[in-house]
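Let me begin by presenting the structure, written as structure tokens, before commenting on it.
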Amino acid sequence: MMVVKFADICPIKSMPILKTHDLVHSFSNEEIVLNGISLNVEQSSIYGFLGPNGAGKTTTLRLVLGLLKVQQGSIEIFGEDFEKNRVKSLGRIGSMIESPSIYSHLTAEENLRVLQKIYQCSRGRIGEVLELVGLAHTRRKKAGEFSLGMKQRLSIAIALLNSPSLLILDEPTNGLDPNGIIEVRELLRNLNRESGITIVISSHLLSEIDKLVSHIGIINKGEMMFQGTLDELKEKQQQSLSVVFETSDSTKVREIAGRFGIVGVCENGRCTLPAIPKDKIAEINRELVSSGVDVFEVSIVKNDLERIFMDMVS
Amino acid sequence: MTFLNSFQSEWLKTKRSLAFWMVVIGGFFTPSIIIVARLVRHAKVPELYSADNFWDQLWKNSWESMAIFFLPLGAILSTSLIAQIEYKNNTWKQLHTLPLSYTTIFFAKLAVIVVLMLQFFVLFNIGIYLSAIVPYLLISGTPYPSQPLPYDHFLRENLLYFVDTLPIVALQYLIALRFKNFLVPVGLGFVFWVGSLASLSWSFGYVIPYTYPMYNYLKAGVETKAAIPDVNIHVFALLYFVVITAVSYGLYLAKKEKG
């Protein structure tokens, strides 16, 4: 059977599907929780919204979904002002904010029927989404008897019920076991690839989503630290490479590096130089050997994405 | 159409809920007590059923505890429990991210509470009828009541009691939407109810919106120290319902955080 992917029939455009302009928010006069947040989520992208706990991720997403009144700034979804088109926009959005929102006295199926009545989608769709999240066998079980992981899956099923164009998930893998995390990641990747759903997913761990997302926004203390593609972030990673020379004479390393216009930092016989081309490394090494310096080790230290993220938020 | 869908969705949430069971149990509680009491004192039952005013007496007996205690307290509890469904399950945020206007959300939920109250009235009336029929069927020698069933009077009284309960529903709904803690609406409701009981003998007791079901019962010639107001309490009840609902709606719209 030939599988036709959404991307094949509908080429991905770089049109923003969600845009916020300078969102400023505070819960009291003293504390500003968000300070000029401008998100730019492109159509059919998977946007990872990263930041440590308390950075302002959930507040931003609650503003985007209309759960909080916008104090300053504006929100545009599907190219239209959100405040003026709230009901219309929400019809195309699936969401899950923080902990699961589930009626514990109802079964999984009844929970979905509560929403199916609003969305007016087919009853068959309930079975489809339960199947998608791996809960088809528990459809008649009361949601109150579910584990946290199962509740999380049911919340994702709820978010998918209306076949949304934009899916907003706030820390959706909380409470899931490692296998569950992988399954959810796979599910989201497939939804994005095959149906072209734009996904905004927040997390406080880059390692949790770096294999999933195409774009990244990093927020800390209510301010955007970085926004761009994953490749752009990786470029930053390249820029943050460093070369370490372990030799018998650190002073000589610093001196020779200085001749090439490179400033090194030396400590305990190890000199760390910023990223330099390979031929330069070879040249410095040659100079050191010809000057009678013993070179024990030349190594390249890669700062992983997590390190860059940590540097940005610390 | 959207309102109807929203109402159906809200109605589904009451399935197996405490509010639903309260309405069912509350509707049959007093009639059950009457049945048990008549079965215990079965010797007097044939005489009771021969009375010309059998149905009027049964109606009065059934409403005695209902109008003073169970109806106001039931309205307080069931209204608070319906709003509590969203707080308890952390689902306000889910509800407010559905493609529904705030007006639809507010009034669909209120409509469910009002319909639950109607359901209670229907069940209570069935219960009253059963409390007449069951002793007749079980106690030998009991004649079928000679007085024809006064449908018109019962319907009219049902309607008046229902209207009199609406201000309680509206005020409890307002409070329940504002406070996450279930004890706040229930506690305040209880305080208002006690205040209403205490103010029955006050000549301006009718300004308290929780007094109307009590006054409606007491006005029917029951011996009491209560000051039966000269005003039309049912008009007051309706006015209170409309005004409190309007204020409640305004406060709900103005809420800065919706989940």
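So you know, we letter chains A, B, ... as the sequences are listed, proteins then strands, and number each from 1.
No part of B/A108 comes within reach of chain A, as not one of its non-hydrogen atoms sits under 4.5 angstrom from that chain. Contact of A/I102 with chain B is made through the backbone alone, with heavy-atom distances under 4.5 Å. Using a 4.5 Å cut-off between heavy atoms, A/I158 touches chain B through its side chain atoms alone.
At least one side-chain heavy atom of A/I77 sits under 4.5 Å from a side-chain heavy atom of A/I93. With a 4.5 Å cut-off on side-chain heavy atoms, B/F190 and B/V194 count as touching.
The only option from A/V213, A/L205, A/I209 that meets the side chain to side chain contact (heavy atoms under 4.5 Å, CB included) definition with A/L50 turns out to be A/I209.
Scanning for side chain to side chain donor-acceptor pair (under 3.5 Å) contacts around A/E223 gives A/N35, with sequence neighbours left out.
A distance-only check finds no donor-acceptor pair linking the side chain of A/S74 to the backbone of A/D81 [under 3.5 Å]. Put simply, the side chain of A/K57 gets close to the backbone of A/P52: a donor and an acceptor are under 3.5 Å apart.
Taking CZ from B/F20 and CD1 from B/I25, the interatomic distance works out to 10.0 Å, rounded to the nearest 0.5 Å.
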All inter-chain donor-acceptor pairs under 3.5 Å (chain A, chain B):
| residue | atom | partner | partner atom | Å |
| --- | --- | --- | --- | --- |
| A/R62 | NE | B/G259 | O | 3.1 |
| A/R62 | NH2 | B/E257 | OE1 | 3.2 |
| A/R62 | NH2 | B/G259 | O | 2.6 |
| A/G66 | O | B/Y102 | OH | 3.4 |
| A/L67 | O | B/K258 | N | 2.7 |
| A/K69 | N | B/K256 | O | 3.3 |
| A/R86 | NE | B/Y102 | OH | 3.1 |
| A/R86 | NH1 | B/L100 | O | 3.0 |
| A/R86 | NH2 | B/H96 | O | 3.2 |
| A/R86 | NH2 | B/L100 | O | 3.2 |
| A/I97 | O | B/K93 | NZ | 2.8 |
| A/S99 | O | B/K93 | NZ | 2.9 |
| A/S99 | OG | B/N90 | ND2 | 2.7 |
| A/S101 | OG | B/N90 | O | 2.7 |
| A/Y103 | OH | B/K13 | NZ | 3.1 |
| A/Y103 | OH | B/E86 | OE1 | 2.8 |
| A/Y103 | OH | B/E86 | OE2 | 3.4 |
| A/S104 | N | B/N89 | OD1 | 3.0 |
| A/S104 | OG | B/N89 | OD1 | 2.9 |
| A/H105 | O | B/R16 | NE | 3.2 |
| A/H105 | O | B/R16 | NH2 | 3.4 |
| A/H105 | NE2 | B/K13 | O | 2.6 |
| A/E110 | OE1 | B/R16 | NH2 | 2.4 |
| A/E110 | OE2 | B/K15 | NZ | 2.7 |
| A/E110 | OE2 | B/R16 | NH2 | 3.3 |
| A/V114 | O | B/S9 | OG | 2.7 |
| A/Q120 | NE2 | B/N5 | OD1 | 3.4 |

